[in-house]
Enquirer: 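Encoded as structure tokens, here's the structure I'll be asking about.
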Amino acid sequence: MVMAPIDLAVFHENGYIRKQCRVTGLWFWTSNHDRDTCGDTSEDEYTFIGSPLISGFDMRGKELKDAMREAFLGFFEQREHTRIEPYPILARWRDDIHLTIASIADFQPHVTSGLVDPPANPLTISQPCIRLTDVDAVGRSGRHLTTFEMMAHHVFNRPDEGRMYYWMEECVRYCHEMFTQTFGIDSNEITYVENPWCGGGNAGPAVEVIVGGLELATLVFMNLHEDEKGDVEIKGDKYSEMPLQIIDTGYGLERFCWAAAGTPTIYEAIYPQTVAWLKDLAGFEGVAKQWPNLDLDKILGEMSRLNGIMNIEAGVDGEELLATFLQRLAQRGIDISSEQFTAITDPLSRIYAIPDHLHALCNMLGDGLVPSNAKAGYLARMMARRTLRMRDELGIDVSLADLALHHVEVNMGNKTMKQTHDGMATILNLEEAKYVEMLRKGEQVIKTMLSGVDKSTETIADELLFSLNDSHGIAPEMAVSLAIRSGWKSVSLRTGFTAELAERHAKMAKDAAKENTESTLINGIGHLPPTSPLYYDDVYQFEFDASVLFCAEINQEGLPKGITHGVILDRTCFYPEGGGQEADWGVLSTDSVHCQVLHVAKIGNHIVHLTDGPLSNGDLVHGSLDWNRRKQLMDHHTSVHIVGGAVRRILGPHIYQAGANKAVDSARLDITHYNRLTRQDLDSIEKMANEVIVQVHKTEKTILNRKDADRKHGFDLYQGGAPKGNTIRVLRIADHDIQACGGTHHDELGQIGSIRLVRSNAVQDGVERLHIVAGQAALDYAREQDGILRQTGEVFGVNVADVPKTAERFFGEWKEQRKRIEALEAEIVRLRTSGGDDSSVSKDGVRIVIMESDGGLKNMSKMLKELTLDDSQPTLAILGSKEGGGKLMVATTENSIASEKYNAIEILQAIIPHISGGGGGRPTFAQGGGSNPEGLQNSFDAAKSMLGI
RNA sequence: GGGCGUGUAGAUCAGUUGGAAGAUCGCUACCUUGGCAUGGUAGAGGCCCCGAGUUCAAAUCUCGGCACGUCCA
């Protein structure tokens, strides 16, 4: 079975008929019976440019977006949908994506899987989204954006439980009513295109709503999931119906605004003030005035229309595209040279892209994101750097922070943000400084890399450009312009290189994508009742009785040594490894058997004890924990929460937990921050953490429904990671820190004793790792440190308090004395080489010196230098030492009769066997070593007889 | 998460096949001038990031650690 036609009463009632698109072959519904294309093809141009299709919205920019959003949400609110506040743009409730890419992303994976109830049903929302896949086309195509708001109405139906709110008929009816009545769109301009949707293992029928050549909305009816035995086939995969039936709609707010404004590009509809401001700053009027007879608006309008029907994709050859473009423009009566076209569109595309990029950047930073060189933070850095590059290319002299603050003021109004404006400015100023530094380094690297290349070269080697881009952050275009500035004036970028670079990256990404083999520890336990965890009821319970439900042999790599069996009980006090907290250890025993529990893992609802021996099904066992271990883990885990709260309070709202680990000897907490932490920072965090222990007596542990938890505490609750179930355990330490956490924590903070921040280090740019010790571990740590200091003091023979001062003095003296020894050695060399003893012989105008030295290689080479660097006295010098198994050095005065007559390597090779060694060097300087220092005299004798002296 | 790159004088960086640690700026002193800009001469300043390994020999090659940079997902 393939997907059935979407045949709805609402179509017929409004005079729509079903036709097949002449171009794409897709089926579509239209009330214009002459129409033979679906509206979204290479032959359907935008019809709204210059003549808006949506009436009643004369404003522009933020005001227009606000009005449009309100019209949409209001429409659905009046029709029994609940309005939901937008989710953050950082998708922190998910572990598969960094950014919110669609409104449905708010409800994945647990609402869409049916595990968690939606916040309301049906609901309407306008969700800010960021998609970076088309980032290169932004500003150039006239319609692409990285940041947009997806307006939506969502429904989560459960027909199997008798909850069916509405389906296709009503959905399309709402859409049609809104389009034609609220927005006054001519029915003939609307086409509904049937185009089944699939993605991420789900699928369903879908309708694209095209207005005036622009896709304004997609209505997806998600009711299928991938299933090999399914009877529906879409794009080669088989699907079957799922119990949850979801309406996932997406209406592009900015596109509505564009259709209402009818401006040449989408950017002028939504960012008019910023575009005008940037034009002014970049002196764009001057460019345009060069050709007074060109009608700019007309050209831009035509460009957008053309872009609407031409597919600009990354990797398309730029020159070829330009030629086609100019040809098509000429057909439309616009006569423009490629130079004129480039002169106008190059700066303009940057002027358009900057506000879009700033919008993405401000949204990300506003949500508390810290720029970094990895993960989500890298996306912010990429946007910042793109913006900076375009700003520089436009020759605009405004800092990134000022651009962003201007953008926030003009385009974001009083949107509530986690990050303060000052914080944002601080972060962006740091980013700009890093960017400038990167450019400076890049220029240096280019100079070095090209130093051997002729100044008249026209190309830069591909490998060099790849390495500049990948290792030094210098994009190919940038590399070329830097090279030109540094004197290689005729280089240019080979056509198609950028595409090759992208291809290469794509290939690397593909190669790196490895299979995620999730090996299960134990199979066949699905039928067992879930293990009842006792550690939540009373975290101080360390003994319990239970019965064995399951026991099997385990044979798997990577587990702690000694593990032979996996045991599942009906209930347990043993905490399984999870949430960064290590597992409990202890003993499970019966009258006759004692098994050590060496590790505990959670598999689904079952807690598996990994033991060093077998137990039998039905056995009654007594379990007892290694309480010292558990107590220490609890000390650390609770401390991590306390420290986390303190860090957020002291450093600012951008602090987010990027990971944590709680072991016995110490705990780690990774936090997002834009600067390295100083010891002062650590001290004040440590101070506050210890104050909390004193001031807050009790922790508060509650269990909340996921829906209520979200509403009550927001998404900061999930710093420890995206929770999986519908019920959430919340740990509250007064108002200091509130977290969803499934670990074991103290009821009373006083149990911890004290917290020490040992040190911090950088995990990656933008992420700092705090090393924490608490409770007994803090005492042990202090004792150990004390011991180290005491030992050091004993070595110096001073009090511990004097160790730093003394070490400083010793180090200073050591350096001084080393220098003095060098000076004295030099003096010895001078004395010994100034002649006066019988080691110096003259032969045929060459002074021959054969001498034993007592220093190492360094000292010998100094003597050689002294002997052979004097041009006025041609010398052959042979030095030896008994140090380190014996050393020999032979050198001649360069460019003298000594170097003509004697070859240092030959002499060395001839005499070195006497000390059982080898060596080499240049004809005027050779050195080597051996393992028989006693043979040194034989070497000297051999040299003498060889030279005939 | 994966790939790539970099740690050498106070600063910016060179350093060839492993074989004698360098340049420029800055610093100090002296010379040139009435003084300044400048010019000249001399000098000081190095745990070649740390630790192991290979080697007769490591700034250089290999491995590990630390610090930093960068691209992609």
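Naming: A, B, ... by sequence-line order, numbering from 1 per chain. Only a predicted model underlies this, so the values are computations on that prediction, with no experimental measurement involved.
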Enquirer: Please give me the minimum heavy-atom distance between A/Tyr435 and A/Arg389, naming the atom from each residue.
Expert: OH-CA, 3.4 Å

Enquirer: For B/C71 versus B/U28, give the span between their C1' atoms, rounded off to a whole number of Å.
Expert: 45 Å

Enquirer: Tell which nucleotide pairs with B/A73, taking only Watson-Crick or G-U wobble pairs whose two distances are both under 3.5 angstrom.
Expert: none

Enquirer: For nucleotides B/C61 and B/G39, find the distance between their C1' atoms and express it as a whole number of Å.
Expert: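 Taking atom C1' in both B/C61 and B/G39, they lie 47 Å apart.
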
Enquirer: With respect to the side chain of A/Asn469, which nucleotide from B/C71, B/A67, B/A73 is positioned closest?
Expert: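 Nucleotide nearest to A/Asn469's side chain: B/C71.
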
Enquirer: Give a yes or no on whether the backbone of A/Asn373 and the side-chain of A/Asp765 come within a donor-acceptor separation of less than 3.5 Å.
Expert: no

Enquirer: Taking the C1' atom in each of B/U60 and B/A73, what is the distance between them to the nearest angstrom?
Expert: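 Taking atom C1' in both B/U60 and B/A73, they lie 35 Å apart.
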
Enquirer: Taking a pair as Watson-Crick or G-U wobble with both distances under 3.5 Å, which nucleotide is matched to B/G18?
Expert: none

Enquirer: Starting at atom CG of A/Asp462, determine the distance to atom C1' of B/C4, rounded to an integer number of angstrom.
Expert: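 Answer to the nearest Å: 17 Å.
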
Enquirer: Which nucleotide in the list B/G3, B/G5, B/C72 gets nearest to the side chain of A/Asp470?
Expert: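 Output: B/G3.
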
Enquirer: I need the CE-P distance between A/Met889 and B/C56, as an integer number of Å.
Expert: 16 Å

Enquirer: What integer number of Å spans the P atoms of B/G43 and B/A23?
Expert: 12 Å

Enquirer: Would you please test A/Glu768 and A/Arg676 for salt bridge (charged side-chain N to carboxylate O under 4.0 Å, His left out) and show each step?
Expert: CA-CA 7 Å; A/Glu768 284 284 295; A/Arg676 294 306 311 270; 2.6 Å; yes

Enquirer: Given A/Ile130 and A/Met383, is the side chain to side chain contact (heavy atoms under 4.5 Å, CB included) satisfied, shown in steps?
Expert: CA-CA 11 Å; A/Ile130 297 183; A/Met383 293 311 271; over 6 Å; no

Enquirer: Under a 3.5 Å distance rule, please check whether A/Thr892 uses its side chain to pair with a backbone N or O of A/Ala904 as donor and acceptor.
Expert: no

Enquirer: If you measure from the C1' atom in B/G7 to the same atom in B/C13, how many Å do you get, rounded?
Expert: 12 Å

Enquirer: Considering heavy-atom distances to RNA chain B, does A/Arg440 or A/His505 have its closest nucleotide positioned more toward the 5' end?
Expert: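 Closer to the 5' end of RNA chain B: A/Arg440.
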
Enquirer: What contact category does A/Gly929 fall into here, base, sugar-phosphate, or nothing, at under 4.0 angstrom with non-hydrogen atoms?
Expert: base

Enquirer: Answer with base, sugar-phosphate or nothing: what part of the nucleic acid does A/Arg385 contact at a heavy-atom distance below 4.0 Å?
Expert: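 The answer is sugar-phosphate, as A/Arg385 gets under 4.0 Å only of primed atoms, P, OP1 or OP2.
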
Enquirer: Quick check on B/A73: is either OP1 or OP2 less than 4.0 Å from any side-chain nitrogen or oxygen of A/Tyr378?
Expert: no

Enquirer: Hey, which sits more toward the 5' end of RNA chain B by its nearest nucleotide, A/Gly921 or A/Lys441?
Expert: A/Lys441

Enquirer: For B/A11, give the paired nucleotide (Watson-Crick: N1-N3 plus N6-O4 or O6-N4; G-U: N1-O2 and O6-N3; both under 3.5 Å), or none.
Expert: B/U24

Enquirer: Looking only at side-chain atoms of A/His98, point me to the closest of B/G69, B/U12, B/A73.
Expert: B/A73

Enquirer: Please report, rounded to the nearest Å, how far the P atom of B/A11 is from the CD atom of A/Glu437.
Expert: 13 Å

Enquirer: Please give the distance between the C1' atoms of B/U38 and B/U32 as a whole number of Å.
Expert: 10 Å

Enquirer: For B/U6, which nucleotide in any strand shown is its Watson-Crick or wobble partner with both distances under 3.5 Å?
Expert: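 Checking every strand shown, B/U6 finds its partner in B/A67, with both distances under 3.5 Å.
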
Enquirer: What is the distance, rounded to the nearest whole Å, between atom CG of A/Asp765 and atom C1' of B/C72?
Expert: 17 Å

Enquirer: Given the C1' atoms of B/U8 and B/U24, what is the spacing between them in whole Å?
Expert: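 Looking at atom C1' only, B/U8 and B/U24 are 15 Å apart.
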
Enquirer: Ignoring backbone atoms, establish whether A/Arg504 has a side-chain N or O less than 4.0 Å from OP1 or OP2 of B/C72.
Expert: no

Enquirer: Could you report the tightest heavy-atom contact between A/His914 and A/Ser939, atom names first, then the distance?
Expert: CB-OG, 3.2 Å

Enquirer: Is it the case that the side chains of A/Asp356 and A/His144 hold a donor-acceptor pair, with the cut-off being a distance below 3.5 Å and no angle test?
Expert: no

Enquirer: Could you let me know what B/G34 is paired to, Watson-Crick or G-U wobble, both distances under 3.5 Å, or none if it's on its own?
Expert: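 Base partner found: none.
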
Enquirer: Write down the partner of B/U54 under the Watson-Crick or G-U wobble criteria, each distance required to be under 3.5 Å.
Expert: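 With both distances under 3.5 Å required, B/U54 matches none.
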
Enquirer: Do other residues, nucleotides or ligands put more than 12 heavy atoms under 6.0 Å from the CD atom of A/Glu816?
Expert: no

Enquirer: Please work out if A/Ala762 contacts a base, only the sugar-phosphate, or nothing of the nucleic acid, heavy-atom cut-off 4.0 Å.
Expert: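 Contact class for A/Ala762: sugar-phosphate only.
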
Enquirer: If B/G45 has a Watson-Crick or G-U wobble mate with both distances under 3.5 Å, name it; if not, just say none.
Expert: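 Per the H-bond distance test, none.
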
Enquirer: Please check the phosphate of B/C71 (OP1 and OP2 only) for any side-chain N or O of A/Arg381 closer than 4.0 Å.
Expert: no

Enquirer: Is the phosphate of B/C71 approached by A/Asn373 (side-chain N or O, under 4.0 Å from OP1 or OP2)?
Expert: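 Answer is no, no contact under 4.0 Å.
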
Enquirer: Distance check needed: B/U8 P versus A/Gln444 CD, whole Å only.
Expert: 14 Å

Enquirer: Between B/C47 and B/C66, how far apart are the two C1' atoms, rounded to whole Å?
Expert: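 The answer is 16 Å between these two C1' atoms.
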
Enquirer: Check the distance between B/C72's C1' and A/Met382's CE and give it to me in whole angstrom.
Expert: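 That distance rounds to 10 Å.
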
Enquirer: Side-chain N or O of A/Lys375 less than 4.0 angstrom from OP1 or OP2 on B/G1?
Expert: yes

Enquirer: Just how far, in rounded Å, is P of B/U70 from CG of A/Leu388?
Expert: 13 Å

Enquirer: Between B/C13, B/U70, B/C4, spot the one nearest the side chain of A/Ser471, thanks.
Expert: B/C4

Enquirer: Scan A/Thr448 against the nucleic acid and name what it touches under 4.0 Å (heavy atoms): base, sugar-phosphate only, or nothing.
Expert: sugar-phosphate

Enquirer: In whole angstroms, how far is the C1' atom of B/C49 from the CG atom of A/Asn761?
Expert: 16 Å

